[in-house]
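Below is one structure, written out as structure tokens; the observations come after it.
FYI, the numbering just counts along the sequence from 1. These numbers come from the heavy atoms of this one structure, side chains and all, not from hydrogens, waters or symmetry mates. Everything quoted here is computed from the prediction, not taken from an experiment. Atoms within a ligand are numbered from 1 in the order they appear, just like the ligands themselves.
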Amino acid sequence: GTTDAVVTVRGVRKHYGAVHAVDGVDLDIRRGELFGLIGHNGAGKSTLFKMMLGLVPASAGEIRIGGVAVGGRDFRAARRAVGYLPENVVLYDNLTGLETLHFFARLKGAAAADCAPALERVGLAQAARRRVREYSKGMRQRLGFAQALLGKPRLLFLDEPTTGLDPEAIRDFYATLRELRAEGVTMVLTSHILAEIQERVDRLAIMAAGKVQALGTVQALRERMDLPLNIELRV
Ligand code: ATP
């Protein structure tokens, strides 16, 4: 049913000229679930994310978060309870990890007191006072994740959150997601790699050419589509 849906997407399209980046998507994200959105480069995942966050307007259709229409008058307030890790987080090399989070906290109107716990949560407490220029790619990715946790969001959108992470860091990352889920946080993440997320998400949608091709639990999708265990959707 839709009663426990925290995000509803109805008939959503995004056209860039002749390009149908998102071509009629219907989707419910249930409260408290970890939802995976998988597809090749160019499938439309990032565009759908940006519309769900109100960063780009939809060409057609409607998206609601907690019952509030994205892009509508009440959305600005609702948006504060939503965390977002973009595909490419812009970081300033000269700031330390902690300064970076203070900067984002000011932008978002989140409490400065959230910054140190967010760093701790992503395993960067020891690196808090080092400059970002000295961070590895994986550390930068984790700093981006920490930024998304500021303001203690109840809903998190994570766009390719494991890019640049080694296998151990990927395991740590999903352990953190499980903690967040235990705290009742709803999460939507994108990936190219089915093998990485299939045992870790509650439900997933497979997106191709701007459309949701299949949606359900991994088990249900496997039965329906005969998905092999370790297919990799990377192009
Ligand atoms: P990726 O894994 O590369 O992020 P994706 O599944 O997120 O892929 P999108 O980035 O949403 O895919 O892109 C979907 C389609 O829309 C692509 O064909 C892309 O070139 C096009 N597109 C996305 N943003 C724009 C834009 N601002 N202007 C024109 N075309 C765009």
Is it the case that E99 and Y92 place a side-chain donor and acceptor less than 3.5 Å from each other? no

Please step through side-chain contact (heavy atoms from CB on, under 4.5 Å) for the pair V218 and L221, ending with a clear verdict. CA-CA 5 Å; V218 172; L221 290 184; 5.7 Å; no

So if I only count non-hydrogen atoms and take anything under 4.0 Å from ligand 1, which residues does that give, chain by chain? Y16, V19, A21, H40, N41, G42, A43, G44, K45, S46, T47, E87, E160, H192

Flag for E87-S46: side-chain donor and acceptor within less than 3.5 Å: yes

Could K45 and F49 be counted as a cation-pi pair, given that NZ or CZ must be under 6.0 Å from the ring centre and within 45° of the axis? no

Minimal non-hydrogen separation, R64 against E62, with atom names: NE-OE1, 3.1 Å

Would you call D166 and K137 a salt bridge, using N to O less than 4.0 angstrom? no

